[in-house]
Amino acid sequence: MRDIFFQGVDAPLRLVGADAVLELLPGVAWGWPYRIAEAGLSTSPFFTIRAVPGDIRLRCESHVEDRPPQLWDPVNAVCDAMTGLAIALPMSNPRLICLHAAGVALGGRLLVFPNIRRAGKSTLSAALARAGHRVFSDDVVPLSFPAKGPAVGHGLGLAPRLRLPLPESLPAGFRDWAEAVPGPRNRQYHYLPLPGQPVHGERLPMGAFVLLDRRDMPTPARLSPVPPDTAMDALLHQNFTRDRHSGEVLEVMAATLAATPVWQLTYADLAEAVACLAGVAGWPDPAPPQGEERRFGPADLGFRAGPLGAVVHRRDRCVERWIGEVLYLADPEGRAIQRMDPLAAAIWAMLEEPVAPEELEVALGEAFPETPRERIAADLFALLAGLAEAGLIGNVGA
């Protein structure tokens with residue numbers, strides 16, 4: 001029984017008779033330093049891989065995700081363990097927010113591609129690596145936030161990974177190149193331990209967020225600006241560091257989006273997408289990050305809302321930020337971030353001072369005279385109940 005301690009992560013990966021994993025690690029975590037030690041029973045692992053008598057598959061159990069154990073072949077077992085490692089990293093470093101995203105260096109800055117289903121971020125990352133650009137990660141991007149200057153992306157030191165089989169629609173040159181790269185593989189995945197890629201902890205200032213819109217039909221590759229709230233919605237969905245105080249996350253994300261371009265890359269052809277992105281590499285050098293990086297506090301999950309009273313108001317210490325034309329709110333306990341539609345934002349403004357729900361109902365009736373009063377009352381009660389449950393409003397005197 002052995003423990004694998006990865007740099008910057010307190011808990012180890014535990015191997016119980018799973019020596020096949022040790023043979024694969026150099027080709028997967030090639031840039032993430034680790035040490036091997038005899039397992040200490042007093043140390044709790046983030047993930048356990050255990051040999052199963054009479055079975056070539058390995059039993060994989062995550063201790064950082066609530067899901068049942070799985071039986072995998074060695075490559076899939078390592079893949080599963082690397083997912084657990086990415087989750088365990090911010091648990092050991094309160095300065096990090098981790099996104100399901102890819103990050104590629106262009107022109108001295110980091111382009112971050114939030115994970116959108118079937119967008120092709122891993123394939124695009126590999127194609128950018130083939131073109132000479134450095135891939136900080138193709139699946140998880142840790143970000144930290146200095147007191148001044150842009151957010152900073154961190155390299156993981158994990159090899160990019162392609163899902164197999166590669167589509168026939170990809171350029172033959174790319175498929176031949178990927179096939180020739182030696183690296184751990186099975187029928188489902190192929191790791192690409194490419195030379196010259198960032199090692200674990202290497203840092204680069206944020207350059208832009210790029211939302212991928214891959215088309216099946218021929219479409220010229222193009223970059224177009226998108227509203228910052230579109231990026232915010234994608235980032236909130238892909239942030240898996242859910243134990244962080246959401247008010248603090250909202251503050252840094254709002255500041256980052258205010259200072260960072262957000263584009264959509266529409267493309268069908270992989271080579272055109274690479275060429276289109278290469279055109280953004282001429283931007284000026286960013287101001288260097290300065291000051292101590294923000295440490296995120298934990299969320300308080302113990303809050304429970306009470307029933308609505310006769311007079312309600314905003315709770316103290318809520319965090320509100322306008323991102324583009326959309327209002328986002330976080331409760332004082334830091335449990336979640338809420339996106340307000342225009343009507344909810346207007347009612348939030350009316351809640352700046354204590355008010356009776358009946359007064360709000362009258363005001364809405366005057367604003368929407370054609371809407372039946374019963375519907376207004378029902379919709380208003382549902383909205384106020386939702387705001388109370390989210391910890392954003394409370395009763396006067398509570």
Side-chain angles (χ1 to χ4, degrees), residues 99-143 149-155 160 162 167 169-171 173-174 177-178 197-198 203-239 253-287 323-326:
L99 305 175
H100 280 302
V104 179
L106 278 93
R109 300 196 195 186
L110 192 68
L111 299 188
V112 172
F113 310 104
N115 183 22
I116 300 173
R117 185 176 179 270
R118 294 190 70 252
K121 66 177 178 58
S122 295
T123 305
L124 179 58
S125 297
L128 287 165
R130 181 188 179 216
H133 305 290
R134 306 175 74 218
V135 178
F136 271 60
S137 175
D138 72 337
D139 190 49
V140 172
V141 175
L143 295 177
V152 174
H154 298 245
L162 288 174
S169 59
L170 291 176
F174 175 80
W177 167 81
Q197 300 305 304
R203 299 155 63 94
L204 200 64
M206 269 292 308
F209 292 105
V210 181
L211 308 182
L212 301 181
D213 178 22
R214 184 172 64 85
R215 305 288 180 88
D216 293 328
M217 300 298 293
T219 304
R222 64 182 185 275
L223 280 170
S224 53
V226 297
D229 60 282
T230 301
M232 184 63 174
D233 293 341
L235 296 176
L236 291 180
H237 184 68
Q238 301 306 334
N239 170 29
M253 286 299 188
T256 297
L257 286 170
T260 307
V262 182
W263 298 317
Q264 177 173 284
L265 172 64
T266 302
Y267 73 103
D269 182 83
L270 191 61
E272 287 186 9
V274 171
C276 185
L277 287 171
V280 309
W283 44 28
D285 292 336
I323 298 179
E325 298 183 357
V326 177

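Computed from heavy atoms alone, side chains included, the values below leave out hydrogens, waters and symmetry copies. All residue numbers in this chain count up from 1 along the given sequence.
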Item checked: Minimum-distance pair of heavy atoms, taken over all atoms of D138 and K121 -> O-NZ, 2.7 Å
Notebook entry, point to check: If you measure from CD1 on I323 to CG on L236, what distance do you get to the nearest 0.5 Å?
Noted result: 7.0 Å
Checklist line | E325 vs D229 side-chain heavy atoms within contact, under 4.5 Å | finding: no
Notebook entry, point to check: Would you say the side chain of L111 lies within less than 4.5 Å of the side chain of L128, judging by non-hydrogen atoms?
Noted result: no
Notebook entry, point to check: If you measure from CZ on R214 to OH on Y267, what distance do you get to the nearest 0.5 Å?
Noted result: 5.5 Å
Note to self: Using side-chain heavy atoms (C-beta onward) and a distance below 4.5 Å, is T260 in contact with F209?
What the structure shows: yes
Check: Roughly how far apart are L170 CG and L270 CG, rounded to 0.5 Å?
Finding: 6.0 Å
Check: How long is the gap from CD on Q197 to CZ on R134, to the nearest 0.5 Å?
Finding: 7.0 Å
Note to self: Quick check: closest heavy atoms across V274 and A131, and the distance to 0.1 Å?
What the structure shows: CG1-CB, 3.8 Å
Next item on the list: Specify the closest pair of heavy atoms between A178 and L162, including all atoms of both residues, with the distance to one decimal.
Entry: CB-CD1, 3.7 Å
Next item on the list: Please report the closest heavy-atom contact between F136 and A105, naming both atoms and the distance.
Entry: CE1-CB, 3.9 Å
Margin query: Could you check whether any side-chain heavy atom of H154 comes within less than 4.5 Å of a side-chain heavy atom of L143, counting everything from C-beta outward?
Written below: no
Item checked: Reported OG-to-CG distance for the pair S125 and D139, which is rounded to 0.5 angstrom -> 9.5 Å
Next item on the list: Search all heavy atoms of R130 against all heavy atoms of G173 and return the closest pair with its distance.
Entry: NH2-O, 3.5 Å
Margin query: In the structure I gave you, are the side-chain heavy atoms of L124 and L265 within less than 4.5 Å of one another anywhere?
Written below: yes
Note to self: If you define the side chain from C-beta out and look only at heavy atoms, does anything of V326 sit under 4.5 Å from M232?
What the structure shows: no
Notebook entry, point to check: Are side-chain heavy atoms of V141 and L110 found at a separation under 4.5 Å?
Noted result: yes
Check: Got L277 and F113 here, is their nearest side-chain heavy-atom distance under 4.5 Å?
Finding: yes
Note to self: Between E272 and A221 (side chain of the first, backbone of the second, donor and acceptor by atom type, cut-off under 3.5 Å), is there such a pair?
What the structure shows: yes
Item checked: Which atom of A101 lies closest to which atom of V112, heavy atoms considered -> CB-CG1, 3.8 Å
Next item on the list: Please report the C-alpha distance between V140 and H100 in whole Å, then the side-chain angles of each, then the deciding distance to 0.1 Å, and finally whether the side-chain contact (heavy atoms from CB on, under 4.5 Å) criterion is met.
Entry: CA-CA 5 Å; V140 172; H100 280 302; 4.2 Å; yes
